[in-house]
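Quick one: structure below, then a few questions.
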Amino acid sequence: MKIEYNHKKIEEKWKKKWEKTGIYKVDDKNDKPKYYILDMFPYPSGEGLHVGHPKGYIATDIFARMKMMQGFNVLHPMGWDAFGLPAENYAIKNKVHPKLATDKNVATYKRQLEMLGFSYDWEREINTTDPEFYKWTQWIFLKMFERGLAYESNEPINWCPSCKTGLANEDLEDGRCERCGSEIERVPMRQWVLKITDYADRLLNDIDKLEDWEESIKEQQRNWIGRSEGARVNFQHRDGTENIEVFTTRPDTLFGATYMVLAPEHKLVSTLTTKEQKKTVQEYIKNAAKKSNLERTELQKEKTGVFTGAYAINPVSGKEIPIWIADYVLAGYGTGAIMSVPAHDERDWEFAKKYGLDIVEVVLGGEDVDQEAFCGEGTNVNSGFLNTLETADAKEKMFKWLEEKKRGEKAVNYKLEDWVFSRQRYWGEPIPLVHCAKCGVVPVPEKELPVVLPDVENYEPTGTGESPLAAIEEWVNTKCPKCLGEAKRETNTMPQWAGSSWYYLRYIDPKNDKELVSKEKESYWSPVDFYVGGAEHATRHLIYARFWHKFLFDIGAVAYDEPFKRLQHVGLIQGEDNRKMSKRWGNVINPDEIVDAHGADSMRVYEMFMGPFSQAASWSTNGLVGARKFIEKSISITEKVTEEESSEEIKNLLHKTIKKVAEDIEDFKFNTAISQMMILVNKITEIGSVNKKDYLLFISVLAPFAPHICEEIREKLGETVSVFESDWPKYDPELIIDKKINLVIQVNGKLRETIEVEADIQEEEAKKIATENETIQKWIEGKEIVKTIFVKGKLVNIVVK
RNA sequence: GCCCGGGUGGUGAAAUUGGUAUACACGAGAGACUUAAAAUCUCUUGGCCGCAAGGCCGUGCGGGUUCAAGUCCCGCCCCGGGCACCA
């Protein structure tokens, strides 16, 4: 039997066949155990896919196919995260509806994914820009609004003067607009904000429940949430007019607080500033306001600040301390104000030195605090009732004092900030709220969802910062759902993160328009068993999705409080020049060309063979040739198939391969699974014949990697059932036992001889063989044997002196 | 600066978690087939010394633990990713 490997013909044939027989169609329930494996869905950009994009999808496809064969009811869906700025910019430039561009891009992506032979059930395809989908994104927002988790806030935001839109921190790159590169400004804007901080503790604590997540990603999330324990302390203005609240992790150093610093945005800045200082302070604030947080924090060399002219009273020492303003203090963290303890904090020390502020040592343990800050723990001095106490005890005593005197309390603080959830853009989900002069902010009634994004003439930003929606009067003007009076719609839209925060639930029940997801289907499919995607989403997307999921759990919409059971991140595929694949470097490899020239199966095998899955790897079309050769070699074995039994050697290797491939796929170690299959194929080629059934077992484990050709081989050999509807092979434990082993003999830890022996050789005999061996004799002759070590099934080490 | 990865042949990498370092693949070289080339097949391919048998060295660098270290410990250097004046 000879098979001519025309990959184009074969791959097309099997794609058609799979579609016709519908073998990837997913049942909502059957008697098999379920397995839900999910890819992070792509943003369909205008460029189409490059060869790096599908790496994760290939891996999940292999995994899904194995699970199918192992008897699981597998859900492995795909969809589109299609709202976002590129489509909007494209619309502005070309005066076409972003929907048209999006549809076109989706079509390209879909064609390219289908080309690679993935086992998606396209009947479950979703698109975040579909009103039937975003109806539920809006619904979730409404529920959050109802529960007080969404609030309006008029805060300074990042403003791109060129795109004329507001940008969240997530859309910035080095203080510049991620899209157009312009330097951003800080401009106040009315925003909708989600109170993710209400969930900070749960988001943090439940990380410990995520046993099957990579430790590095969990650590990144912990750092992102950034919980710290300390105290909130009230400082009073010396004339008793104002209270300034600070957060500190070192309440034990309170006696050493010799000045205070407010963020330039702090609400008390103008109240506190004295007449004399007004001008200098305003000047300073103006400059600070121009800078983004990133820029402010990047100027590491020197901190700048300005004195307000005001003084506060240190609550424990009673001393008057000056109040300063400095932009290294961030408005969004803690209370936006700090107490400065220059003797025991490096930044405060630097600042105090620069502006000639007092440095008072209150913790013993360092060198000279006039030369260097001491940030460690030690014994308190110059600290009144804390003197002689060690740091931990001093903290405790201070907590008690603060509470007794009502000057503060124990407090927990998070780095995590509330989520600015509105964008002044067109191409996003409208926020389903109405502004009524009489009733205030009123939610759109559930039965009126979705609030559909209207068509507009002009996608250009308004320039005022408002969304282009604000210009569509017939859409903006509406009736208040409460009093039926004149009202206006909210014109802000949601950020791109909205749809991706819950989309995995939609796949479970993609057509439901009565509820978010049916209880029955949700309890069957949830949670996602395995989630695979880019490491760049370790903190943002994955924290947002966990937040939304916990909220949905709280309102009874889902049955588990964590959405993703196992998480694996995929390493980038870089260009052949070791740089990120991008148009800019001209190093983009198009999968269309690769598949056309070498076939989808070769590309799949190659990408999995490149190296460890989570590690970055550089593309090499040369390397791809190896994958192609392996497939051709596997095919050519069809000419060596017989009815006779395979040799012992082949049987042993085959069953080892079956075992290893299953284990390696489970662990996402595809590269070593493929190596093992190559070893088997080389051996069969060398020996020159193999039993047909044995060969088919090999084809079954190869099939998830190279589905098209494996189907073809099976058909040519007379099999009538798709390999993906047949059983995953089981290895025979008897056959993988090695009867003979190479016993390694070392002298003083150095390899001197290997001898083939029975695998179950016992210590005494092994030692005897070793010492009597001729080569070994030469090494131990005339020397004293100190001891002999025997490792079962491995080696003998003779230690001589 | 902090946190998380990583450093192994000409190249991508493997190593059962302390037990034969370099599996598998690419590339390179030689040979077979061919009028020739391609394809395919076979062999060689870490370095040094040696005609050979064989020996010595060798997993970023320097120490250490151990019968035995790519793997563990201590101290450095470099590369990648993330966070960054976090009070």
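Chain letters run A, B, ... following the sequence lines, proteins first, then strands; residues in each count from 1.
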* Out of B:A13, B:G27, B:C86, which nucleotide sits closest to the side chain of A:Lys629? -> B:G27

* Asked: When the ring planes of A:Phe351 and A:Tyr355 are compared, do they come out parallel, tilted or perpendicular, using 30° and 60° as the limits?
  -> tilted

* Using a strict cut-off of less than 4.0 Å between a Lys/Arg side-chain nitrogen and an Asp/Glu carboxylate oxygen, indicate whether A:Glu219 and A:Arg222 qualify as a salt bridge. => yes

* To do: Just call it for A:Ile789: base, sugar-phosphate, or nothing, with non-hydrogen atoms closer than 4.0 Å on any strand.
  => base

* To do: Respond yes when some side-chain nitrogen or oxygen of A:Arg752 is under 4.0 Å from OP1 or OP2 of B:C56, and no when none is.
  =>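 For B:C56, OP1 or OP2 has a side-chain N or O of A:Arg752 closer than 4.0 Å.
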
* Is A:Arg232 near enough to B:A87 that one of its side-chain N or O atoms lies under 4.0 angstrom from OP1 or OP2? ->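 No.
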
* Asked: A:Arg227 near the nucleic acid: base, sugar-phosphate alone, or nothing, with a heavy-atom cut-off under 4.0 Å?
  -> nothing

* To do: In whole angstrom, give me the gap between the C1' atoms of B:G29 and B:G10.
  => 13 Å

* To do: Would you indicate which nucleotide in B:A87, B:C4, B:G19 comes nearest to any side-chain atom of A:Glu219?
  =>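 Among B:A87, B:C4, B:G19, the one nearest the side chain of A:Glu219 is B:C4.
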
* Asked: With sequence neighbours excluded, what pairs up with A:Lys683 under the salt bridge (charged side-chain N to carboxylate O under 4.0 Å, His left out) test?
  ->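 Listed in chain order: A:Glu649, A:Glu686.
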
* Within 45° cone of A:Phe613 ring axis and under 6.0 Å: A:Lys55 NZ or CZ -> yes

* C1' spacing across the pair B:U59 / B:U20, given as an integer number of angstrom -> 15 Å

* For atom P, what is the distance between B:G19 and B:G70, given to the nearest Å? ->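 Pairwise P distance, B:G19 against B:G70, rounds to 10 Å.
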
* Output yes when a side-chain donor or acceptor of A:Asp601 lies under 3.5 Å from a complementary backbone atom of A:Ile709, and no otherwise. =>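 Indeed, once roles are kept as given, a pair shorter than 3.5 Å links the two residues.
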
* To do: Determine the interatomic distance between P on B:A23 and the same-named atom on B:A13; round to the nearest Å.
  => 15 Å

* To do: Considering only atom P, compute the distance from B:C74 to B:G18 and round it to an integer number of Å.
  =>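 16 Å, rounded to whole Å.
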
* Any A:Lys750 side-chain N or O less than 4.0 Å from OP1/OP2 of B:C57 -> yes

* Give one of base, sugar-phosphate or nothing for A:Asn682, where a contact means two heavy atoms less than 4.0 Å apart. =>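 Contact class for A:Asn682: sugar-phosphate only.
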
* Structure fact -> Under a 3.5 Å limit on both distances, the Watson-Crick or wobble mate of B:C2 is B:G82

* Structure fact -> Here the distance between atom C1' of B:U16 and atom CG of A:Leu795, to the nearest Å, is 14 Å

* Let me see the working for A:Trp619 and A:Tyr606 under ring-ring contact (aromatic ring centres under 6.0 Å, His included), right down to the final yes or no. => CA-CA 10 Å; A:Trp619 179 267; A:Tyr606 171 59; 5.0 Å; yes

* **Selection: residues 668-676 of chain A, any non-hydrogen atom under 4.0 Å of RNA chain B** => A:Asn671, A:Thr672, A:Ser675

* **P spacing across the pair B:U22 / B:G46, given as an integer number of angstrom** =>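 10 Å, rounded to whole Å.
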
* Between B:G54 atom C1' and A:Glu753 atom CD, what is the distance in whole Å? ->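 Spelled out: CD on A:Glu753 to C1' on B:G54 is 12 Å.
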
* Asked: Nearest of B:C24, B:A14, B:A87 to any side-chain atom of A:Pro612?
  -> B:A14

* Asked: Which part of the nucleic acid, if any, lies within reach of A:Thr249 when heavy atoms closer than 4.0 Å are counted: base, sugar-phosphate only, or nothing?
  -> sugar-phosphate

* Take A:Arg628 and A:Glu632 through the salt bridge (charged side-chain N to carboxylate O under 4.0 Å, His left out) test and state the conclusion after the steps. => CA-CA 6 Å; A:Arg628 167 84 190 196; A:Glu632 284 171 358; 2.7 Å; yes

* **Paired nucleotide for B:G31 [Watson-Crick or G-U wobble; both distances under 3.5 Å]** =>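 Its partner is B:C41 (Watson-Crick or G-U wobble, both distances under 3.5 Å).
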
* Asked: To the nearest angstrom, how far is A:Gln574 atom CD from B:G81 atom C1'?
  -> 11 Å

* Which whole number of Å gives the distance between the P atom of B:G9 and that of B:C83? ->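 One P to the other, the span is 32 Å.
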
* Under 3.5 Å: donor-acceptor pair, side chain of A:Tyr5, backbone of A:Ser636 ->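 Such a contact is absent between A:Tyr5 side chain and A:Ser636 backbone.
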
* Can you check the A:Ile679 CD1 to B:U22 C1' distance for me, whole Å? ->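 These atoms are roughly 13 Å apart.
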
* Short side-chain N/O contact from A:Lys660 to OP1 or OP2 of B:U16, under 4.0 Å -> no

* **Integer-rounded Å distance: B:C86 C1' and A:Ile338 CD1** =>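 The answer, rounded to whole Å, is 10 Å.
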
* In whole angstroms, how far is the P atom of B:U16 from the CG atom of A:Asp667? ->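 These atoms are roughly 13 Å apart.
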
* To do: Find which nucleotide of RNA chain B each of A:Ala617 and A:Ile798 is nearest to by heavy atoms, and output the residue with the more 5' nucleotide.
  => A:Ala617

* Asked: Should we say atom NZ of A:Lys354 is surrounded by more than 12 heavy atoms from elsewhere, each under 6.0 Å from it?
  -> yes

* **Atom pair distance, as rounded to whole Å: CG in A:Leu624 and P in B:G27** => 11 Å

* **Proximal nucleotide (of B:C24, B:A87, B:G19) relative to the A:Gln746 side chain** => B:G19

* Does a side-chain N or O from A:Gln615 land closer than 4.0 Å to OP1 or OP2 of B:G12, or not? ->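 Indeed not, no polar side-chain atom of A:Gln615 lies that close.
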
* Return the nearest nucleotide to the side chain of A:Gln220; candidates are B:U40, B:G82, B:A87. => B:G82

* To do: Please state whether the phosphate of B:U66, meaning OP1 or OP2, lies under 4.0 angstrom from any side-chain nitrogen or oxygen of A:Asn797.
  => no

* So, is A:Lys787 close to the B:C67 phosphate, meaning a side-chain N or O under 4.0 Å from OP1 or OP2? ->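 The answer is yes; a side-chain N or O of A:Lys787 sits under 4.0 Å from OP1 or OP2.
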
* Asked: Is the glycosidic angle of B:U8 within 90° of 0, making it syn, or outside that range, making it anti?
  ->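 It is anti.
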
* Asked: Quick check: does any side chain N or O of A:His344 sit under 3.5 Å from a backbone N or O of A:Val362, one acting as donor and the other as acceptor?
  -> yes

* Paired nucleotide for B:A87 [Watson-Crick or G-U wobble; both distances under 3.5 Å] -> none

* Mind checking who B:C72 pairs with, Watson-Crick or G-U wobble, both distances under 3.5 Å? ->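 Per the H-bond distance test, B:G64.
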
* **B:G54 - base-pair partner by Watson-Crick or wobble geometry, distances under 3.5 Å** => B:C49

* To do: Find the partner of B:U8: check Watson-Crick (N1-N3 plus N6-O4 or O6-N4) and G-U wobble (N1-O2, O6-N3) distances, both under 3.5 Å, and reply none if neither fits.
  => none

* Asked: P atom, B:C73 versus B:G7: distance in rounded Å?
  ->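 Nearest-Å result for B:C73 against B:G7 at atom P: 15 Å.
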
* Structure fact -> By nearest-nucleotide position on RNA chain B, the 5'-leaning member of A:Ala337 and A:Trp779 is A:Trp779

* Asked: Any salt bridge between A:Asp208 and A:Lys218, counting N to O under 4.0 Å?
  -> no

* **Gap between atoms CG and C1', on A:Leu751 and B:U22 respectively (whole Å)** => 14 Å

* Asked: Going by a 90° cut-off around 0, is B:G9 syn or anti?
  ->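 Classified syn.
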
